[in-house]
Amino acid sequence: MTEALTRIQPEGLTDALYQRASQVFSEQELTDVVFSIAQINAWNRLGVAFHTEIGSMDKLMGLDSVQL
């Protein structure tokens with residue numbers, strides 16, 4: 001589902017894939033998953049648009065102290 005929503009194809013999210021996802025997730029979980037995918041895609045696209053250097057936000061987000 002993540003790939004289908006990230007790499008949007010002409011057919012979009014197929015009914016078959018949606019049905020498979022709805023068998024695994026409740027309606028609320030499915031909504032949460034779709035919005036999470038959309039948010040992460042938005043962050044990634046903003047990073048591309050503004051030529052953000054990978055890891056440049058780690059200190060601001062406090063990630064430099066968790067040693068990822």
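Quick caveat: nothing in here was measured; it's all calculated off a predicted structure.
- With a 4.5 Å cut-off between side-chain heavy atoms of Ile, Leu, Val, Met, Phe, Trp and Tyr, the cluster of F50 takes in L46.
- Inter-residue side-chain proximity for M57 and L63 is flagged as unmet; no heavy-atom pair is nearer than 4.5 Å.
- Under a 4.5 Å side-chain heavy-atom cut-off, the cluster of Ile, Leu, Val, Met, Phe, Trp and Tyr residues that includes I54 has no other member.
- When hydrophobic residues (I, L, V, M, F, W, Y) are linked wherever their side-chain heavy atoms come within less than 4.5 Å, the members clustered with I40 are W43.
- M1 contributes atom CE, which lies 8.5 Å from atom OG of S22 (distance to the nearest 0.5 angstrom).
- With sequence neighbours excluded, the residues forming a side-chain hydrogen bond (donor to acceptor under 3.5 Å, both in side chains) with T6 are N41, listed by chain and number.
- In terms of the side chain to side chain contact (heavy atoms under 4.5 Å, CB included) criterion, residue partners of A4 (sequence neighbours excluded) are, by chain and number, L13, L17.
- Under the side chain to side chain contact (heavy atoms under 4.5 Å, CB included) criterion, E11 pairs with Q9, T14, sequence neighbours left out.
- D64 is linked by a side-chain hydrogen bond (donor to acceptor under 3.5 Å, both in side chains) to nothing, counting only residues two or more places apart in sequence or in another chain.
- Side-chain heavy atoms closer than 4.5 Å link hydrophobic residues (I, L, V, M, F, W, Y) into clusters, and following such links, possibly through other members, connects L5 to V24.
- Applying the salt bridge (Lys or Arg N to Asp or Glu O under 4.0 Å) criterion to E3, with sequence neighbours excluded, gives R7.
- The side chain to side chain contact (heavy atoms under 4.5 Å, CB included) search around S56 returns T52, E53, not counting sequence neighbours.
- Of all the heavy atoms in F25 and L30, the pair that sits closest is CB-N, 3.8 Å.
- For Q28, the side chain to side chain contact (heavy atoms under 4.5 Å, CB included) partners two or more places apart in sequence, or in a different chain, are S26, T31, D32.
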